[in-house]
There are 2 protein chains.
Amino acid sequence: MKISDIQKLVASYPRVPLTVDCVVFGFDENALKVLLIESDISVFEGKWTLLGDFVQDNETLDAAAHRIFRERTGMSDIYLEQVRAFSDPVRHPGGRVITMAYCSLVNIRHHTLRKLDNSLHWHTVHEVTDMAFDHQEIVQVCYTWLQRRIQEHPLGINLLPDKFSLRELQNLYEAILDVRLDRRNFRKKFFSMDFLIDTGEYEDDVPHRPGRLYKFDFDKFEKKKRKWIGIDFA
Amino acid sequence: MKISDIQKLVASYPRVPLTVDCVVFGFDENALKVLLIESDISVFEGKWTLLGDFVQDNETLDAAAHRIFRERTGMSDIYLEQVRAFSDPVRHPGGRVITMAYCSLVNIRHHTLRKLDNSLHWHTVHEVTDMAFDHQEIVQVCYTWLQRRIQEHPLGINLLPDKFSLRELQNLYEAILDVRLDRRNFRKKFFSMDFLIDTGEYEDDVPHRPGRLYKFDFDKFEKKKRKWIGIDFA
DNA sequence: ACAAAAGTGTTAGATCTACACCCATGT
DNA sequence: ACATGGGTGTAGATCTAACACTTTTGT
């Protein structure tokens with residue numbers, strides 16, 4: 001028996017409240033930060049939450065994530081990527097709410113130029129605690145996701161200014177991966193990938209020899225279709 | 001102003017119909033297959049769809065995926081992983097429906113031992129066409145996801161019998177990645193990772209010298225916490 | 001005996017790692 | 001002049017890629 005009134009079928013099924021939560025990472029003073037807002041819910045008084053909101057009827061999840069980010073921070077044109085859904089039936093005290101976590105990376109300097117809701121604050125990722133809902137877990141999952149992701153994709157560059165020195169880039173990787181890397185090997189690695197564009201400019205206002213400033217050639221990166229055959233489970 | 005009646009707040013927000021679709025991969029005759037069912041919806045007469053269903057009120061998405069898989073195939077205890085959500089507001093002719101895609105890997109031989117709904121069929125991934133909804137895109141995204149994932153995680157082993165020869169394993173990788181690999185190097189690679197357990201048994205019913213059969217040591221794999229520092233964008 | 005795939009080592013090239021000194025700038 | 005980080009090269013170890021022959025089984 002075929003189903004002909006599909007509208008009716010869809011209408012008959014359970015619907016769930018669906019939210020998007022943005023885990024917004026920034027990089028400042030050589031530490032990875034996450035942007036949080038004070039909870040406006042009584043039961044979570046004094047706790048911090050991610051930037052989130054319910055999904056509207058006529059928008060994609062990506063669009064919802066961009067909208068939420070824009071509404072809360074005034075910024076647009078930022079890097080956002082879906083990470084995963086959190087769907088424990090009792091994760092939200094108001095009842096069943098499923099949320100899709102998005103990871104976002106912004107340059108913290110651009111960000112602070114904007115007028116912001118003053119309940120927004122940057123928190124060092126390693127020191128975040130006292131979060132509402134399951135947001136602690138969401139931050140942790142996104143952080144782990146980011147650690148993997150920056151090793152195979154240059155998304156981390158979004159945390160830096162347009163023009164950046166190799167020192168800044170290395171500090172970024174060291175902070176996120178929580179390792180110490182050899183400076184010469186790090187440079188060789190990035191130069192050999194051949195995605196850095198030398199701007200010819202130099203750092204300014206540094207109390208030592210200024211470093212060269214580079215941009216990242218995202219177009220070139222996108223064009224190089226990567227076959228990447230290299231099985232390795234370790 | 002704090003929000004105190006959080007139940008009421010949640011109740012006031014839009015709800016969306018949410019489904020889970022399982023992309024079930026199998027491996028047979030050296031080709032990657034995907035398990036599809038004939039659509040029971042009039043507008044998609046003659047088209048194929050993934051195994052999907054609406055999410056119930058009190059289950060996680062993972063639980064929904066397992067339930068759907070069990071209901072349709074009779075199997076449990078299978079490998080399932082969340083891939084990503086598809087949320088185009090017009091992806092479903094019955095109205096706004098968001099779906100979460102899950103990738104599942106099963107051994108096609110175990111599978112066919114069960115009595116199955118006879119509208120279920122295995123299709124060669126490269127030849128799938130004429131699918132309902134956006135399921136073609138979902139299959140494509142999951143296939144691409146799988147190609148990456150099997151290079152860093154041994155989930156592909158779930159497509160093989162418990163005991164398998166290295167030839168079978170190599171055929172699997174060659175089929176999924178669509179490349180040709182050197183046999184000796186492939187063996188060296190897997191032996192050096194040291195996750196294969198030699199069962200001491202051999203293939204049977206092959207018209208040539210039988211190969212040794214191995215099991216994969218998933219416990220050992222899980223224990224080896226992988227640091228995996230190796231930046232590489234290419 | 002033949003067909004078919006199993007099993008096995010070596011070498012050259014590429015990549016990775018570890019490591020130390022001089023240079024340019026601000027104070 | 002000195003303190004600070006910028007910039008550079010090399011050698012040894014490791015990993016990767018390319019390559020051919022003998023062995024075992026079924027027919």
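Order of the sequence lines fixes the chain letters, A, B, ..., with proteins taken first and strands second; residue numbering starts at 1 for each chain.
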Not counting sequence neighbours, which residues clear salt bridge (Lys or Arg N to Asp or Glu O under 4.0 Å) with [X]? List them please.
X	result
A:Asp28	A:Arg109
A:Arg184	none
B:Asp134	B:Arg91
B:Asp194	B:Lys220

Got a sec, which pairs hit salt bridge (Lys or Arg N to Asp or Glu O under 4.0 Å) with one end in residues 155-175 of chain B, sequence neighbours left out?
-> B:Lys163-B:Glu201
How close or far is atom C1' of C:dC16 from atom CZ of A:Phe186, stated in whole angstroms?
->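 One finds 15 Å between C1' of C:dC16 and CZ of A:Phe186, rounded.
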Looking for any heavy atom pair under 4.0 Å, which part of the strands does A:Arg187 touch: base, sugar-phosphate only, or nothing?
->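 A:Arg187: base contact, heavy atoms under 4.0 Å.
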Which heavy atom of A:Tyr102 sits nearest a heavy atom of A:Val20, and at what distance?
->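 In this case the closest contact between A:Tyr102 and A:Val20 is CD1-CG1, 3.6 Å.
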Give the ring-plane orientation class for A:His121 versus A:Trp48, where under 30° counts as parallel, over 60° as perpendicular and anything between as tilted.
-> perpendicular
Would you give the length of the straight line joining atom NZ of B:Lys47 to atom CG of B:Asp130, rounded to the nearest 0.5 angstrom?
->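 It comes to 4.0 Å.
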Span of DNA chain D, from the first to the last nucleotide whose atoms fall under 4.0 Å of chain A heavy atoms =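 That gives a stretch of D:dT4 to D:dT10.
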Treat a base pair as Watson-Crick or G-U wobble with both distances under 3.5 Å, then lay out DNA chain C in dot-bracket form, 5' to 3', with | for cross-strand pairs.
-> |||||||||||||||||||||||||||
If you pin A:Glu203 and B:Lys189 to their nearest nucleotides in DNA chain D, which one's is more 5'?
->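 Its nearest nucleotide being more 5', the pick is A:Glu203.
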Quick one: list whatever passes side chain to side chain donor-acceptor pair (under 3.5 Å) with B:Thr99, sequence neighbours left out.
->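 Partners of B:Thr99 under the side chain to side chain donor-acceptor pair (under 3.5 Å) test: B:Thr19, B:Asp21.
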Apply ring-ring contact (aromatic ring centres under 6.0 Å, His included) to B:Tyr143 and list each qualifying residue two or more places apart in sequence or on a separate chain.
->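 Applying ring-ring contact (aromatic ring centres under 6.0 Å, His included) to B:Tyr143 gives B:His126.
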Contacts of A:Phe133 that satisfy ring-ring contact (aromatic ring centres under 6.0 Å, His included) - sequence neighbours left out | A:Phe44, A:His92, A:His135
Under 3.5 Å: donor-acceptor pair, side chain of A:Ser104, backbone of A:Cys22 =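 Here the side-chain-to-backbone pair does not exist.
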Salt bridge flag under 4.0 Å for residues A:Glu152 and A:Arg148 |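 No.
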In B/S/- notation, 5' to 3', how is nucleotides 18-27 of chain C contacted by protein heavy atoms closer than 4.0 Å?
-> BBB--BBBS-
Pull out every residue in residues 161-172 of chain A that has a heavy atom closer than 4.0 Å to any atom of DNA chain C, ordered by number, or say none.
->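 Within this stretch, nothing sits under 4.0 Å of the strand.
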